[in-house]
Amino acid sequence: MSELLAIRREKLQAIRAMDVRAYEYEFQRTHTTTEIIQQFDEITEKVVVRTAGRIMAVRKMGRASFCHMQDESGRIQIYVQENSVGSRGYELFGLLDIGDIIGIVGKVFRTRTGEVTILVDELHLLAKNIRPIPIVKEKDGQVFDAFTDKEQRYRQRYLDLMVNPEVREVFRTRSRIIQWTRDFLNERGFLEVDTPILQPIYGGANARPFKTFYNALERDFYLRIAVELYLKRLIIGGFEKVYEIGKNFRNEGLDRSHNPEFTLLEFYQTYVDYNYMMDFVEQYFRFLCAKLEKSKLPFGEYEIDFSQPFPRRKMFDLIREYAGEDVANYSESELKVLCQKKGIELKPDDNYGKFIELLFDNFVEPNLIQPTFVIDYPKAISPLAKSKRDGSVAIVERFELYIAGHEFVNAFSELNDPIDQRERLEQQNRLRESGDEEAQTMDEDFVTAMEFGMPPTGGVGIGIDRVVMLFTNQVSIKDVILFPQMRT
RNA sequence: GGGUGCAUAGCUCAGUCGGUAGAGCAACGGCCUUUUAAGCCGUGGGUCGCAGGUUCGAUCCCUGCUGCACUCACCA
């Protein structure tokens, strides 16, 4: 390695000895590499093109050489001939390496085998590479010696992006999905807002937070785990459709569907309920499908079909179907016995809501492959959702959308009764005090805000990273986050 | 946090039933002005993840650690 580095530094010195600037200030381009290929018929042999990029492959043949250079749009072959660039130009070329950034001036032709190629008249070094990049070769679509080491790809994402074009494509799609999401909401009259990431009290979800110390205020602050309570304050303030897309932070383990900082979309609309929001969410997924011109998506071992209406299934019905037990009227202790009978591992402080969740996660969730709305959750695990309007005391109007066995969306008819809300958060507080680290906290200001009057509201949260995974067919969240969390 | 597996050259990988390692590509030197995984000839390159232990001797066996992958737990 040190030998390889030393050789490149020697070349850098040799380049400087030629009085050539190794790190240029600017270069005017007329075309990207892809534009040259697309416009070949109009510009061939006539137009002088100027383009820039990174040298990705070199084939030297004495006094002439072929290279491939790559820019963001793609890559193109260039032909560097001593006759064209001159002896000094070719001497400089001899000191270049794969990985160097160059700008070239020349005219376009086709080689014998038909590849669009630039005959280089001027060669400009724009940035000298002094550390070798991974070499990936390719023939007839087959890739050789691909740069595949996951650890290196994530830790040095720039190399991954440099040499793995399909990775660039995933992140372009990610960007477009987020843009389309904004379009979808903006077109429907939603207002995008920013709410605090550093919060004195965290809330809006059941999760452990990251804690930090705010020196000036001399107290602990938390990185947000959700934006829910702030967006509801805005609803109370009079905005009728709001949304936020941003990072949330949950102090939990890493695995292929969890990164501690992740991108969450939440949106809230007044005067609608969870039924409206189910339609809305279904439209949203169809909207993304339309943008990507797909109605069926390959995802891991499955093919997900968005063309059919998403079934809406009651949670207890699904548990009855897949676990073979009607638990709708079970008491906490009956549920505990059932879980034990089913071989589910329990923790000492698990309670009614937890038992239901465990049954659902173990028996139902893996079976929900095609998009399915699970509706009507236990109140015990939904402290921010409104009770079911039919009078069921233990059920709330909540849905989650499951696809490929994973939760993608969580939504409620939002609780807007301040007295009920206070009781629910007090109940959460009691759970916390008895050891449930993920129970929610009492947020006095939030409840106070609700006391001023909150309109009926439908609210939705969507894990954007997972949506990107789905639409790019990536089974690991690390493959849709540019710089995933790694152990240091 | 638990379990399983992996860690060898810049990249992708062999290999040593324990005797300090090899290929292709990349690099370096030579030939070559339409090649394209360019080709041909030659050369160099590794504290075999880290730290201990066993042994005459460890990259290989054992223990611990670190990182990654898969998986369970937890969550989105």
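Order of the sequence lines fixes the chain letters, A, B, ..., with proteins taken first and strands second; residue numbering starts at 1 for each chain. On a predicted model such as this, the values are computed, not experimentally measured, just so you know.
The pair A/Arg224-A/Glu244 meets the salt-bridge criterion, since a charged nitrogen lies less than 4.0 angstrom from a carboxylate oxygen. Remark: A/Asp279 engages A/Arg312 in a salt bridge, criterion side-chain N to carboxylate O under 4.0 Å.
Heavy atoms from other residues, nucleotides or ligands lying under 6.0 Å from NZ of A/Lys211 number 12 at most. Summarising the local packing, CZ of A/Arg9 is surrounded by 12 or fewer heavy atoms from other residues, nucleotides or ligands at distances under 6.0 Å. Within a 6.0 Å radius of CD in A/Gln340, other residues, nucleotides and ligands contribute more than 12 heavy atoms. Other residues, nucleotides and ligands place more than 12 heavy atoms under 6.0 Å from the NZ atom of A/Lys46. The 12-atom threshold is exceeded at CZ of A/Arg286, counting heavy atoms of other residues, nucleotides or ligands nearer than 6.0 Å.
Using a 4.0 Å heavy-atom distance criterion, A/Asp255 is classed as a base contact. Among the atoms of the strands shown, base atoms are found under 4.0 Å from some heavy atom of A/Arg250. Among the heavy atoms of the strands lying under 4.0 Å from A/His68 is at least one base atom, whether or not backbone atoms are also near. Across all strands shown, A/Ala205 has no heavy atoms under 4.0 Å from either base or sugar-phosphate atoms. Nucleic acid contact class of A/Glu438 (heavy atoms, under 4.0 Å, all strands): sugar-phosphate only.
Comparing B/U59 with B/C50, their C1' atoms sit 13 Å apart, to the nearest whole Å. Taking atom P on both nucleotides, B/G45 is separated from B/C61 by 28 Å, rounded to a whole Å. With both ends at atom P, the span from B/A7 to B/C62 equals 14 Å, rounded to whole Å. Taking atom C1' in both B/C31 and B/G10, the straight-line distance is 26 Å, to the nearest Å. Taking the P atoms as reference points, B/G39 lies 40 Å from B/A51, given to the whole Å. The P atoms of B/U63 and B/G5 are separated by 11 Å, rounded to the nearest whole Å. A distance of about 40 Å separates the C1' atoms of B/G18 and B/A73, rounded to the whole Å. Here the separation of B/G53 from B/A76, taken at their C1' atoms, is 45 Å to the nearest Å.
The aromatic rings of A/Phe408 and A/Phe285 sit perpendicular, their planes meeting at an angle over 60°, well past the 30° parallel limit.
Checking the phosphate oxygens (OP1, OP2) of B/U35, a side-chain nitrogen or oxygen of A/Arg112 falls inside 4.0 Å. For B/C32, neither phosphate oxygen OP1 nor OP2 lies less than 4.0 angstrom from any side-chain nitrogen or oxygen of A/Arg59.
The closest donor-acceptor contact from the side chain of A/Arg50 to the backbone of A/Val105 lies at 3.5 Å or more, if one exists at all. Using modelled atom types, no side-chain atom of A/Arg8 and backbone atom of A/Asn129 make a donor-acceptor pair closer than 3.5 Å. With hydrogens and angles ignored, the 3.5 Å screen pairs a side-chain donor or acceptor of A/Asn367 with a backbone N or O of A/Phe363. For the pair A/Glu282 (side chain) and A/Phe310 (backbone), a donor-acceptor distance under 3.5 Å is present.
Where A/Glu252 and A/Glu138 each meet RNA chain B at their nearest nucleotide, the meeting point lying more 5' is that of A/Glu138. Mapping A/Ala64 and A/Arg487 onto RNA chain B via the closest heavy atom, the residue that lands nearer the 5' end is A/Ala64.
One can place OH of A/Tyr90 at 11 Å from P of B/C32, the figure rounded to the nearest angstrom. For the pair A/His406 NE2 and B/C74 P, the interatomic distance rounds to 14 Å; values are reported in whole Å. One interatomic measurement links the two molecules: NZ of A/Lys150 to C1' of B/C68, which rounds to 10 Å at whole-angstrom precision. Put simply, CE on A/Met486 is 14 Å from C1' on B/A7, counting in whole angstrom units. Distance CZ (A/Arg256) to P (B/C74): 17 Å, rounded to an integer number of Å. When rounded to the nearest whole Å, the span between NZ of A/Lys478 and C1' of B/C68 equals 9 Å. Summarising the geometry, the separation between OH on A/Tyr377 and C1' on B/A76 is reported as 12 Å, rounded to the nearest angstrom. Across the protein-nucleic acid pair, A/Arg63 atom CZ and B/U34 atom C1' stand 17 Å apart, rounded to whole Å.
For the residue pair A/Gln179 / A/Arg182, no side-chain donor-acceptor distance below 3.5 Å is found, with atom types taken as modelled. Counting only N and O atoms by type, the side chains of A/Asn83 and A/Tyr90 include no donor and acceptor under 3.5 Å apart.
Pair assignment for B/A69: B/U4, on the basis of Watson-Crick or G-U wobble contacts that are both within less than 3.5 Å. In this structure B/C50 sits in a base pair with B/G64, meeting the Watson-Crick or G-U test at under 3.5 Å. Taking a pair to require two hydrogen-bonding distances under 3.5 Å in either a Watson-Crick or a G-U wobble arrangement, B/U59 remains unpaired. The pairing partner recorded for B/C32 is none, the criterion being a Watson-Crick or G-U wobble arrangement whose two distances lie under 3.5 angstrom. When both distances must be under 3.5 Å, the Watson-Crick or G-U wobble mate of B/A26 does not exist.
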Point to revise | Nucleic acid footprint by protein, nucleotides 22-31 of chain B - heavy-atom cut-off 4.0 Å, B for base, S for sugar-phosphate alone | key: --BSSSS---

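Residue A/Glu407 has its side chain nearest to B/A76 when only B/G67, B/A37, B/A76 are considered.
Residues from residues 77-86 of chain A placing a heavy atom under 4.0 Å of any atom in RNA chain B, listed by number, are A/Gln77, A/Tyr79, A/Gln81, A/Asn83. Within a heavy-atom distance below 4.0 Å of RNA chain B, the residues of residues 152-165 of chain A found are A/Gln152, A/Tyr154, A/Arg155. For RNA chain B, the residues of residues 353-368 of chain A within the heavy-atom distance limit of 4.0 Å (strictly under) are A/Lys354, A/Leu358, sorted by number.
Ring centroid separation for the pair A/Tyr284 and A/Phe267 does not come in under the 6.0 Å cut-off.
The base of B/U12 is not paired with the side chain of A/Thr148 by any donor and acceptor separated by under 3.5 Å.
The salt bridge (charged side-chain N to carboxylate O under 4.0 Å, His left out) pairs that include a residue from residues 368-384 of chain A are A/Asp376-A/Lys388, where partners are two or more places apart or lie in different chains. For residues 351-361 of chain A, no residue pair satisfies the side chain to side chain donor-acceptor pair (under 3.5 Å) rule, not counting sequence neighbours.
With centroids closer than 5.5 Å and planes inclined by less than 30 degrees as the test, A/Phe66 and the base of B/A38 fail to qualify as a stacked pair.
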